[in-house]
There are 2 protein chains.
Amino acid sequence: MSSSAAEHSHADHHDHGKCIADALAAAREICAQRGERFTELRGRVLELVWESHRPIGAYAVLERLKADGRSAAPPTVYRALDFLMEVGLVHRIESLNAYIGCAHPGAAHASQFLICKDCGTAEELESPAIDAALAAAAGDHGFKLAGRVVELSGTCKSCTGS
Amino acid sequence: MSSSAAEHSHADHHDHGKCIADALAAAREICAQRGERFTELRGRVLELVWESHRPIGAYAVLERLKADGRSAAPPTVYRALDFLMEVGLVHRIESLNAYIGCAHPGAAHASQFLICKDCGTAEELESPAIDAALAAAAGDHGFKLAGRVVELSGTCKSCTGS
DNA sequence: CCGGCCTTGGTATAGTATATCGTACTCTAT
DNA sequence: ATAGAGTACGATATACTATACCAAGGCCGG
């Protein structure tokens, strides 16, 4: 069923230009609110991260920047990515050493990722149930929870079908 | 004040020699069951991984092997670690690029880690509640779950007290 | 205009992981 | 015991990921 597209997978025919535009608009607003500068470089890096719903490596971003004709070196990219993560516009996927645009920027949140081994997309979740289970387990052990890394790998809905 | 030790942190006065001996004994048994060879190198690497309850990096293991007077190079270590992970004796901590002995070898399990930012110890959990929440979230999204990375960082019980 | 702070450019290097090839070892079946 | 197959290890080279450090330029409040 559902002639309309599914949620957010690679098989979607969703208007990805809108994903990027929305991300950039949100970024401008958030940076303005926080008194941070949303420079051209940062914008371009965010754009590149949002180019797909697959996590992208820092060096892949670097190649793209160079392809732009821009002079760039690893620190250029890492600084931009670190900034974007700090303001909550980008997440790092630890298990892939890669970066992905945050699906819900602006709101403080602990997110989880479903990473498809077939198509490479990573879908961001914000499951209160998972978060509650994590908090409960930490509490049981007297552990003061600060950071969460939840990365689930497997096969996404679209890839299972095909 | 608590003169008695807590469960499993760096502050413990637990008999760590027993941790190591148990891990080696379990390893021998598991490898025998699976028809795998538990070689001297593999045993030594497992010992080194178990030297503390802190995850250890591959290159730190390598240094220790060299200190033994053994000739060793990165592939030496990575092969041994890959083997130990394959048979379920060691886990990789993605967020640290480091390795830690499995607390419950032999049993198939999806584990989670509580990683203390102060003392560096990583405690392995097997919370059915977390696992159920993960499975449920994946199921809700039509995602066929294969691998789980759950790494929580924060402050452990012992370090909170001090 | 000046001075300070933030951002970026550029080089070098550290840290993590794998590809590849050759040799030696272990086990099994004869 | 020995040949052959399969596995494990030694060794070199290289790829991939990330950070330290210093210099130069841009932005902004005084």
Side-chain angles (χ1 to χ4, degrees), chain A residues 27-28 30-32 34-49 54-87 89-100 120 149 151, chain B residues 27-28 31-49 54-87 89-100 120 149 151:
Chain A
R28 262 182 277 275
I30 288 165
C31 287
R34 302 180 46 143
E36 301 279 1
R37 290 199 238 157
F38 190 65
T39 63
E40 201 254 335
L41 173 66
R42 290 167 178 177
R44 181 64 181 135
V45 169
L46 185 60
E47 224 170 48
L48 290 170
V49 166
R54 282 185 290 278
I56 185 174
Y59 279 73
V61 172
L62 178 57
E63 287 314 306
R64 302 297 313 275
L65 289 179
K66 284 181 179 167
D68 287 352
R70 182 192 292 268
S71 87
T76 311
V77 173
Y78 282 102
R79 277 188 297 237
L81 288 173
D82 287 348
F83 170 83
L84 293 170
M85 283 192 289
E86 203 134 324
V87 298
L89 294 164
V90 161
H91 294 290
R92 173 177 164 84
I93 306 292
E94 295 292 343
S95 54
L96 299 175
N97 294 331
Y99 304 82
I100 192 169
V149 172
E151 299 171 6
Chain B
R28 261 182 277 273
C31 288
Q33 277 175 12
R34 302 181 46 143
E36 301 279 4
R37 284 150 67 181
F38 189 67
T39 63
E40 201 254 335
L41 174 66
R42 290 168 176 175
R44 181 65 180 136
V45 169
L46 184 60
E47 225 170 49
L48 289 169
V49 166
R54 283 184 290 277
I56 184 174
Y59 279 72
V61 172
L62 178 57
E63 287 314 306
R64 300 299 312 274
L65 288 180
K66 284 180 179 166
D68 285 353
R70 182 192 294 267
S71 88
T76 312
V77 173
Y78 282 102
R79 278 189 297 237
L81 289 171
D82 287 347
F83 170 83
L84 293 170
M85 284 192 288
E86 202 135 323
V87 297
L89 293 164
V90 161
H91 294 290
R92 173 176 164 84
I93 306 292
E94 295 292 344
S95 55
L96 299 175
N97 294 331
Y99 304 83
I100 191 169
V149 172
E151 299 170 6

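In what follows, chains are A, B, ... by sequence order, proteins preceding strands, each numbered from 1. Note that this is a predicted model, so its numbers are computed, not measured.
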May I ask you to say what [X] touches in the nucleic acid, namely base, sugar-phosphate or nothing, with a heavy-atom cut-off under 4.0 Å?
X: B:R92; value: sugar-phosphate
X: B:R79; value: base
X: A:F38; value: nothing

Respond yes when some side-chain nitrogen or oxygen of A:S71 is under 4.0 Å from OP1 or OP2 of C:dG10, and no when none is.
->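 Looking at the OP1 and OP2 atoms of C:dG10, one of them is under 4.0 Å from a side-chain N or O of A:S71.
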Report, as yes or no, whether the 6.0 Å neighbourhood of atom CD on A:E36 holds more than 12 heavy atoms from other residues, nucleotides or ligands.
->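 For A:E36, atom CD is crowded (more than 12 foreign heavy atoms under 6.0 Å).
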Once you round it to whole Å, what is the distance between [atom2] of [N] and [atom1] of [X]?
X: A:E86; N: C:dC6; atom1: CD; atom2: P; answer: 12 Å
X: B:R42; N: C:dC25; atom1: CZ; atom2: P; answer: 16 Å
X: B:E63; N: C:dG15; atom1: CD; atom2: C1'; answer: 12 Å
X: A:N97; N: C:dG15; atom1: CG; atom2: P; answer: 16 Å
X: A:D68; N: C:dG9; atom1: CG; atom2: P; answer: 12 Å
X: A:R44; N: C:dG9; atom1: CZ; atom2: P; answer: 14 Å
X: B:L62; N: C:dA14; atom1: CG; atom2: P; answer: 16 Å

Closest to the 5' end of DNA chain D, once B:T39 and A:P74 are matched to their nearest nucleotides, is B:T39
Taking for each residue the nucleotide of DNA chain D with the nearest heavy atom, is it B:L41 or B:A73 whose nucleotide lies nearer the 5' end?
-> B:L41
Spacing of CD belonging to A:E63 relative to CG belonging to A:L48, to within rounding of 0.5 Å |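 Interatomic distance, A:E63 CD to A:L48 CG, rounded to 0.5 Å: 11.5 Å.
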Spacing of CZ belonging to A:R92 relative to CG belonging to A:L84, to within rounding of 0.5 Å =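 Rounded to the nearest 0.5 Å, the CZ-CG separation comes to 14.0 Å.
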Given the rule in the side chain to side chain contact (heavy atoms under 4.5 Å, CB included) test, do B:L46 and B:R42 qualify, once you have shown the distances and angles that lead to the verdict?
-> CA-CA 6 Å; B:L46 184 60; B:R42 290 168 176 175; over 6 Å; no
Whether B:E151 side chain and B:I93 backbone form a donor-acceptor pair below 3.5 Å |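 Checked: no pair found.
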Electrostatic pair A:R70:A:E40 at N-O distance under 4.0 angstrom |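 Yes, A:R70 and A:E40 are salt-bridged.
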Pairwise 5' ranking along DNA chain C for B:D82 and A:T76, keeping only the more 5' one |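 The residue whose closest nucleotide sits nearer the 5' end is A:T76.
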Residue whose nearest DNA chain C nucleotide is more 5′ - B:L96 or A:R70 = A:R70
Check every atom of [options] against the side chain of [X] and return the nucleotide holding the closest atom.
X: A:P75; options: C:dT11, C:dT18, C:dT7; answer: C:dT11
X: B:Y78; options: C:dG10, C:dT18, C:dT7; answer: C:dT18
X: A:R37; options: C:dC6, C:dA17, C:dG10; answer: C:dC6

Tell me, with the steps shown, if A:V149 and B:E94 meet side chain to side chain contact (heavy atoms under 4.5 Å, CB included).
-> CA-CA 9 Å; A:V149 172; B:E94 295 292 344; 5.9 Å; no
Using chain A heavy atoms and a threshold of under 4.0 Å, write down where along DNA chain D the contacts begin and end, 5' to 3'.
-> D:dT17 to D:dC27
